[in-house]
Structure formats: structure tokens, C-alpha cells
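The structure appears right after this line, and notes come after that.
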Amino acid sequence: MKQVFCKVFNVLVLTLLVINSSYSKNSKHLELGGALRSNYRYKAWDFNSKDVGGDAVFDVFQVNAKASYSELFHDAEYRFYSSDFGGGMLQHGYIGCEFNQNTQIHLGVSHVPFGILPFAFRSWFFNVPYCLGLEDDYNTDVRVLQLHAQRA
């Protein structure tokens with residue numbers, strides 16, 4: 001349990017460092033969030049499950065932190081799964097710098113784009129590329145992004 005609190009603390013400290021990294025009077029932004037998900041399962045074929053009417057099981061607890069200060073920004077999400085499913089993991093987490101309206105650089109664990117984003121990615125129905133591990137893929141890297149203006 002101590003390791004869980006240390007990981008959450010590290011995500012939050014990194015967020016606060018990005019916010020307080022400069023002394024100019026530029027805009028600051030901080031978002032903290034998270035989620036807790038559990039499941040209820042009833043296995044008709046399992047006599048132990050039938051006797052108690054099913055099981056409520058822990059699925060995932062996640063902590064999200066986004067921050068920006070001037071041209072620096074940070075985005076991270078850490079997930080805590082049950083030990084049967086691997087325990088904790090960093091889903092994504094990076095520090096970035098926005099050079100101008102069209103150019104950013106990210107350092108850390110970030111999403112690898114694939115497919116017809118953003119339409120198919122993380123849809124309600126898991127599609128074949130997602131099940132093959134192609135759409136929900138995150139890598140450690142340094143990424144330079146050229147952003148394009150959104151069309152109205």
C-alpha cells in the first residue's frame with residue numbers, strides 16, 4: 001500500500017513542479033481527477049458464486065493529473081489494477097513544451113497513433129485493432145508534434 005501512495009504522490013508532485021516552474025505571471029491550469037471501477041459478476045456455472053448470489057470485485061482505480069504553466073504542460077494517468085491483473089501501471093505520462101500554436105514536444109510515455117483517430121479509438125465497442133493491441137499503444141519517447149488547425 002505504501003508503494004501505491006508513493007506513485008500517486010510522484011504524479012502529483014510532477015504536476016505541481018510543472019505549474020511552479022516559472023515565476024512569470026502567465027496563466028496556470030491544474031486538473032486532478034480519477035476513477036474507481038468495480039464489477040459485479042454472477043457465474044451460473046460456479047456453485048460457490050450461486051450460493052452467495054455473485055461477487056463484487058475491484059477492477060481499477062486511476063489517478064489523472066494535467067497541468068500547464070506558460071508554455072510548459074504535463075499530462076499523466078496512473079492505474080491501479082488488482083494484483084491478479086498486474087497491479088499498478090503508468091498508462092501515460094509526459095512533460096511537454098509548446099513552442100508555438102502548431103509545434104509541441106513531449107517527453108515521456110505517450111500514445112502511439114494508429115487507425116482512423118479519433119473515430120475508432122476507445123469506442124464503446126472494442127474493435128479488432130484494439131484487441132490486437134494496436135490502438136491502445138503507449139511508448140516511452142521524445143515526440144515532436146505538428147498540430148494542425150481544426151476546421152470549422
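Numbers for residues simply follow the sequence, beginning at 1.
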Rounded to the nearest 0.5 Å, how far apart are [atom1] of [X] and [atom2] of [Y]?
X     : Y      : atom1 : atom2 : value
His92 : Thr140 : NE2   : OG1   : 13.0 Å
His29 : His74  : NE2   : NE2   : 12.0 Å
Asp46 : Arg41  : CG    : CZ    : 9.0 Å
Leu30 : Lys66  : CG    : NZ    : 12.0 Å

Shortest non-hydrogen separation from [X] to [Y] and the atoms involved:
X     : Y     : answer
Tyr81 : Asp59 : CD2-O, 3.5 Å
Gly34 : Asn64 : CA-OD1, 3.8 Å
Leu90 : Glu77 : CD1-O, 3.5 Å

Could you see if Val63 belongs to whatever hydrophobic cluster contains Phe58? Use Ile, Leu, Val, Met, Phe, Trp, Tyr and a side-chain cutoff under 4.5 Å.
yes

For Leu145, enumerate each residue passing the side chain to side chain contact (heavy atoms under 4.5 Å, CB included) test, keeping only those at least two apart in sequence or located in another chain.
Gln104, His106, Arg143, Leu147

Pair Ile105, Phe99 - check side-chain contact (heavy atoms from CB on, under 4.5 Å), show working.
CA-CA 8 Å; Ile105 187 166; Phe99 294 107; 3.5 Å; yes

Classify the ring geometry between Phe73 and Tyr94 as parallel (under 30°), tilted (30 to 60°) or perpendicular (over 60°).
perpendicular

Pairing donors with acceptors under 3.5 angstrom, does anything connect the side chains of Ser110 and Asp141?
yes

Checking Tyr138 against Gln91: is there a side-chain donor and acceptor pair closer than 3.5 Å?
yes

Contact check, side chains of Val109 and Asn139, non-hydrogen atoms, under 4.5 Å
no

Would you check if the side chain of Asp55 reaches a backbone N or O of Val57 as a donor-acceptor pair within less than 3.5 Å?
no

Show, in sequence, the C-alpha distance, side-chain angles and deciding distance for Gln146 and Thr103, and conclude whether the side chain to side chain donor-acceptor pair (under 3.5 Å) test is met.
CA-CA 5 Å; Gln146 290 290 34; Thr103 307; 2.8 Å; yes

